[in-house]
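Each remark here refers to the structure printed beneath this line.
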Amino acid sequence: MYENKRELPRALLVECDTGEDDAESSLAELYELVRSAGAVPFGAMTQKRPSADAATCVGKGMVQQIADFCEKHHIELLIFDRELTPTQIRNLEEDTSVRVVDRTMLIMDIFACSARSREGKLQVELAQLEYLLPRLSGRGTALSRLGGGIGTRGPGETKLETDRRHIRGRIRSLQVQLEEVEKHRQQIERRRRKDGVVTAALVGYTNAGKSTLMNVLTDAGVLAEDRLFATLDPTARALRLPNGFSVMLIDTVGLVRRLPHQLVKAFRSTLEQAAQADILLNVCDASSPEAQTHLKVTSDLLTGLGCTGKMLPVLNKCDQVPGLTGLPQIGQGIRISAKTGEGIPNLLQAIQDALPVQVRRVQLLLPFSQSGLAARVREQGTVLQEKYTSEGLALEAFVGPALFPAVQPFLQTNSITKA
């Protein structure tokens, strides 16, 4: 029946176009989300309405068309491109005899499959439970059975009340665990600030090539696949710039249009870590007709989180768009191709130029008793040349703001230049 894709469920996509968003672009994005979730988008139906129907989202006639289509083509999933109420889900499942999933449930499912770290799994579970809690009452009689037993007075708790109490307890437990993780993250961040570590964050729409770019720049070995939310957990690696200075490059979770607020809330600490970076590389897929929108979605979200760093628009996949120079809306971005390496030197130079504190080029004369400091210069800075003299070790090197106070007493006169 399913030919070579028998193991994958067939999904019918449904768009209720009320004019609030670009329905065509949103539906195209939903196709990619369904593919990333492991289902086969078999078709799509769109209905224009002034507003969504309170009972079934779409009209009764459309519901009947959907039911007939599902029966004819053996559809196993109905996926709506909006968040549905429990009543709408229940009514649609009763009328079509097909499992119904809304956009929020779909994105959370993808996040759950992509989470690898303990923090990522905790964040996703918290978002799922907060989404499920107010929807328990719409799940039919299965959650209304009596839960009393021997020795109890009266009928006891209903299954619905038991589930609600259990979910609330689990949510509190997850919040406590995430608070501990956040404290640890804040300690690491304070240590970085104290040591003068400059951070740069890769932000942007999902599947824009952030992980591929991370691998090209740092050999991080991050999973990079042509699907949405292939990587979810943040990764940090040292990136050495052309002047020898190193910054901490952070790869973050990708974004999509109308990202569920439960996920934004659960991943707030991770997103804030990116928003507080000194330099933000707003990566977008230049080959997408929605490139300008993608840049704006990312910029607006980070601004809402209190972004303070300098944001650099990075136009990836330029090898697929030969005529990119003719697009004035995104013409000021840094053009690169993480796949071919095109434009990477320009990107590194742009990061270097955006450094909040410039690296200093210094000439030092270190006494032989300062061998430990010489080792720090070799490890934390970039040595251009060194020579042993009768008075000590003569060094010419690039040093960052964290190392400069230690070497300042050994500077040769008028030897400081900005890199």
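All values below come from the heavy atoms of this structure, side chains included, with hydrogens, waters and symmetry mates left out.
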### Query
Is the closest side-chain heavy-atom distance between M108 and M105 below 4.5 Å?
no
### Summary
Taken in chain and number order and not counting sequence neighbours, the residues that satisfy side-chain contact (heavy atoms from CB on, under 4.5 Å) with R240 are S246, T382
### Query
Can D300 and K296 be said to form a salt bridge (Lys or Arg N to Asp or Glu O under 4.0 Å), step by step?
CA-CA 6 Å; D300 290 347; K296 187 176 186 304; 2.7 Å; yes
### Query
So, Q177 versus S173: side-chain donor-acceptor pair below 3.5 Å or not?
yes
### Message
Under the rule for salt bridge (Lys or Arg N to Asp or Glu O under 4.0 Å), what residues qualify as partners of E93, not counting sequence neighbours?
### Response
none
#### Entry: Residue pair L217 / R237, side-chain heavy-atom distance below 4.5 Å
no
### Message
When you measure from the side chain of S299 to the backbone of L295, do you find a donor-acceptor pair of N or O atoms at a distance under 3.5 Å?
### Response
no
### Query
Applying salt bridge (charged side-chain N to carboxylate O under 4.0 Å, His left out), which residue pairs with at least one partner in residues 397-406 are found, sequence neighbours left out?
none
### Message
How about CD on E24, more than 12 heavy atoms from neighbouring residues, nucleotides or ligands closer than 6.0 Å, or not?
### Response
no
### Task
Kindly indicate whether the side chain of L92, heavy atoms from C-beta on, has any atom under 4.5 Å from the side chain of V14.
no
### Query
If you count the non-hydrogen atoms of other residues, nucleotides and ligands that lie under 6.0 Å from CD in E71, is the total more than 12?
no
### Query
Taking C-beta and beyond as the side chain, do V63 and N91 meet within less than 4.5 Å on heavy atoms?
no
### Query
With sequence neighbours left out, which residue pairs that include part of residues 34-66 fulfil the ring-ring contact (aromatic ring centres under 6.0 Å, His included) condition?
F42-H73
In residues 50-61, what donor-acceptor pairs under 3.5 Å come from side-chain atoms, sequence neighbours left out?
from, atom 1, to, atom 2, distance (Å)
D53, OD2, A55, N, 2.9
D53, OD2, T56, N, 2.9
D53, OD2, T56, OG1, 3.3
T56, OG1, V58, O, 2.6

### Task
May I ask you to test the Y131-D102 pair for a side-chain heavy-atom distance under 4.5 Å?
yes
### Summary
Residues at least two apart in sequence or cross-chain that pass side-chain contact (heavy atoms from CB on, under 4.5 Å) with A374, listed by chain then number, are L366, R378, L393
### Query
Do NZ/NE/NH1/NH2 and the carboxylate oxygens of K183 and E180 come within less than 4.0 Å?
yes
### Query
Under 3.5 Å, side chain of N316 to main-chain N/O of V283, donor-acceptor pair present?
no
### Message
For a 4.5 angstrom cut-off between non-hydrogen side-chain atoms, does L213 reach D251?
### Response
no
### Query
Side chains of L315 and C284: does their closest heavy-atom pair fall under 4.5 Å?
yes
### Short side-chain donor-acceptor distance under 3.5 Å, S26 and D81
yes
